[in-house]
Amino acid sequence: MNTELKATSHLHGLARRLVADGLMEEQAAIDAGAEASKKGLTILAWLIKHQSIDADALTNTASIEYGIPIIDIRAIDLAIAPVSLVDENLIQKHNAFPLYLRGNSLFLAVSDPTDQAVIDEIAFSSGFRVEPILVAANKLESTIESALQAADSVFDDLEDEGLEDIGFQLESTEEEDDSSDPSVDETPVVRFINKVLIDAIRKGASDIHFEPYETTYRIRYRLDGILTQVASPPIQMSRRLSSRLKVMSGLDIAEKRIPQDGRIKLNLSRKKSIDFRVSTCPMLFGEKVVLRILDSAATRMGIEGLGFELGQQELFHSSVQKPYGMILVTGPTGSGKTVTLYTALNILNDEGRNISTVEDPVEIRVPGINQVQQNAKQGMTFAKALRSFLRQDPDVVMVGEIRDLETAEIAIKAAQTGHLVLSTLHTNDAPQSITRLMNMGVPTYNITSAVELVIAQRLMRRLHKCKQLDDMPPEALAQAGYLEGELEDLQIYKPVGCSECNSGYRGRSGVFQVMPISDSIARIILEEGNALKIADQAKKEGIVDLRRAALNKVAEGTTDLIETNRVTRD
């Protein structure tokens, strides 16, 4: 055995090696170990803190002792480091920096790989298995400072609103005291969920899905209409995560057998807040929780921001300004109908009008509008709320959805008697909305006398500025739906993808079919013509269908044919 190692046989681990390598005197190593023990630190952490040994030499020795690789962090491109995977507070608190992601492993730069508590906390927070890599403490500190300064600049808009003042306003409930489940107040769980919510807002997500399975747990964001997995915390945390979300939204944490609905208000600052609509549902292996992000700012973007073509925008605006009649908006769930309706309501919302809405649920709360939550269990149906509205001197009425004949008849009567009525239907296009009312049993003469405008809509992902020209043959473009005369000067684009977008897309734009009820269309309705006859007449009158409207967006460079085929049919 080496005589130097014999001489330090009463020392162990790193202290022994440091003495053997001549980096410390034996007594200094003994004293350091004793001081570290008193402070509850590892000897490596104590030596780093007191800077009693050259940082590079200490790191090299620790690498040999613990078998942990070293990396020159100055060679890492900070722009592509997955900083968002670890909470900024954890990065600063533990002097740890995420270097890169490989499969399910997050490679983490640390100056002390012996602190297992740090590794475990970051593994839980990020949802990945952590592999430590040694970096000299002084170099790591300067790298973290530079990286976080760069990351902060990305979110300047939120910083301006006072992101440091974030707080949650809970809904009032009988379950205000969460002491029945101590796990819900665990700091790592609280911080993890706060990070998930804030990141979702920053990335522009519309929904957050918390999903438990038999052996795994995943969290997904709906970004530009597409679900994307963002984290995979341990399945053992399933109950704690759902309990925390239920406490935040004012739900009964003891009730796990039936679905529940709640709401969370996230205060970003004194002036800006975001609401989350919360829905829980019992699954085979726990409770799935889905949060819908409700940003009222989206409804104040104005008609210009919705994505209407110029002629469609004029039709919409003129119909909204009429004193009476019915405007119907149709499309599947998630097609942006609520934003379109609230854009109209915001145009009309002034002191001179009495506006009332009944919705299921009330997604966006707007001052100056009288909003009612539909509750069938307590007898507050769409029809009952409508009858009440008509006795309260309304100017504008919005019905969340026309689901049955009773609601349809009351809404049409309101539109015929001097009120502007806005509502939605679930059909594929504008002509089918008319036949849907007919199938419900609404007389055709009531439809023609009440309905002014029918809008069908979808949401399509916008191409990001990193897009490139797509060299597609004319035959393929003609097959997609373009006319021969359009092909000569047609330029279309394809998604590329960069660090600022989601696989080549960023944001969404509406695509619309806007169909006024003309005299010719009214005659077809009175003759009980089907949706095909109505669609043919609309086409003769120059009304573009959803497919054609989407192709126009492609020609403008707003989106691509992949999105067109995804959301519309030939």
Side-chain angles (χ1 to χ4, degrees), residues 127 168-171 173 175 178 181 184 189-190 192-214 216-235 237-266 273-296 298-299 331-339 359-365 373-377 400-401 424 426 459 461 502 508:
F168 291 99
Q169 179 178 322
L170 308 184
E171 294 290 296
T173 173
E175 286 291 332
D178 61 350
D181 190 347
V184 301
V189 173
V190 172
F192 176 70
I193 288 180
N194 290 356
K195 177 183 182 298
V196 168
L197 301 189
I198 296 300
D199 283 352
I201 295 169
R202 287 171 168 169
K203 292 179 179 180
S206 60
D207 301 85
I208 312 171
H209 292 240
F210 295 81
E211 302 171 310
Y213 297 95
E214 185 172 10
T216 59
Y217 192 100
R218 71 177 177 183
I219 298 173
R220 295 189 289 174
Y221 292 163
R222 189 174 291 280
L223 299 168
D224 300 332
I226 305 297
L227 282 170
T228 304
Q229 182 167 333
V230 295
S232 181
I235 185 60
M237 303 306 299
S238 172
R239 182 180 60 82
R240 297 177 184 179
L241 293 173
S242 62
S243 293
R244 174 60 184 167
L245 289 166
K246 287 164 75 174
V247 166
M248 293 169 67
S249 49
L251 302 180
D252 183 354
I253 63 174
E255 180 56 75
K256 300 177 173 65
R257 298 165 297 176
I258 60 174
Q260 298 185 69
D261 295 305
R263 200 175 183 101
I264 300 171
K265 179 181 285 292
L266 174 59
S273 64
I274 301 288
D275 285 345
F276 296 82
R277 191 184 78 204
V278 183
S279 173
T280 72
C281 187
M283 298 289 170
L284 283 176
F285 304 104
E287 287 182 282
K288 176 173 178 175
V289 185
V290 177
L291 279 63
R292 167 67 58 88
I293 301 174
L294 309 171
D295 186 358
S296 59
T299 66
T333 300
S335 60
K337 300 188 297 296
T338 300
V339 171
E359 303 165 71
D360 182 23
V362 176
E363 292 194 352
I364 300 165
R365 300 173 181 180
Q373 170 74 51
Q374 190 257 15
N375 189 331
K377 289 182 179 179
E401 182 185 351
T424 71
H426 282 272
L459 288 177
R461 291 183 291 173
N502 300 313
R508 290 190 288 177

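The figures here come from the full heavy-atom set of this structure, side chains too, leaving out hydrogens, waters and symmetry mates. Positions are given from 1, in the same order as the sequence printed here.
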Ile193 and Leu245: side-chain contact (heavy atoms from CB on, under 4.5 Å), yes or no, with the steps?
-> CA-CA 8 Å; Ile193 288 180; Leu245 289 166; 3.8 Å; yes
I'd like to check [X] versus [Y] (side-chain heavy atoms, cut-off strictly below 4.5 Å). Are they in contact?
X      : Y      : value
Val189 : Leu241 : yes
Tyr213 : Ile235 : no
Ile208 : Val290 : no
Met248 : Arg244 : yes
Leu223 : Lys203 : yes
Phe192 : Ile219 : yes
Asp252 : Gln260 : yes
Arg292 : Arg222 : no

With rounding to the nearest 0.5 Å, note down the distance linking [atom1] in [X] to [atom2] in [Y].
X      : Y      : atom1 : atom2 : value
Leu294 : Leu266 : CG    : CG    : 12.0 Å
Lys256 : Met283 : NZ    : CE    : 15.5 Å
Leu459 : Arg508 : CG    : CZ    : 4.5 Å
Phe276 : Ile201 : CZ    : CD1   : 4.0 Å
Phe210 : Tyr217 : CZ    : OH    : 6.0 Å

Contact summary for Ile253 and Ser243, nearest pair of heavy atoms |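 Where Ile253 meets Ser243 most closely, the heavy atoms are CG2-O, 3.7 Å.
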What are the two closest non-hydrogen atoms of Ser242 and Glu287, and how far apart are they?
->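 Nearest heavy atoms, Ser242 then Glu287: OG-OE1, 4.1 Å.
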Apply side-chain contact (heavy atoms from CB on, under 4.5 Å) to Thr424 and Thr338, showing your working.
-> CA-CA 9 Å; Thr424 71; Thr338 300; over 6 Å; no
For [Y], is there any backbone N or O sitting under 3.5 Å from a side-chain donor or acceptor partner on [X]?
X      : Y      : value
Thr280 : Pro259 : no
Ser238 : Gly286 : no
Lys337 : Gly331 : yes
Tyr221 : His209 : no
Gln373 : Val362 : yes

Do Ile274 and Ile293 pass the side-chain contact (heavy atoms from CB on, under 4.5 Å) test, and can you show the C-alpha distance, the side-chain angles, and the key distance before you say yes or no?
-> CA-CA 7 Å; Ile274 301 288; Ile293 301 174; 3.7 Å; yes
Any carboxylate oxygen within less than 4.0 angstrom of a Lys/Arg side-chain nitrogen, looking at [X] and [Y]?
X      : Y      : answer
Lys288 : Glu211 : yes
Asp275 : Lys265 : yes
Lys246 : Glu255 : no

Trace of the side-chain contact (heavy atoms from CB on, under 4.5 Å) decision for Leu197 with Asp199 = CA-CA 6 Å; Leu197 301 189; Asp199 283 352; over 6 Å; no
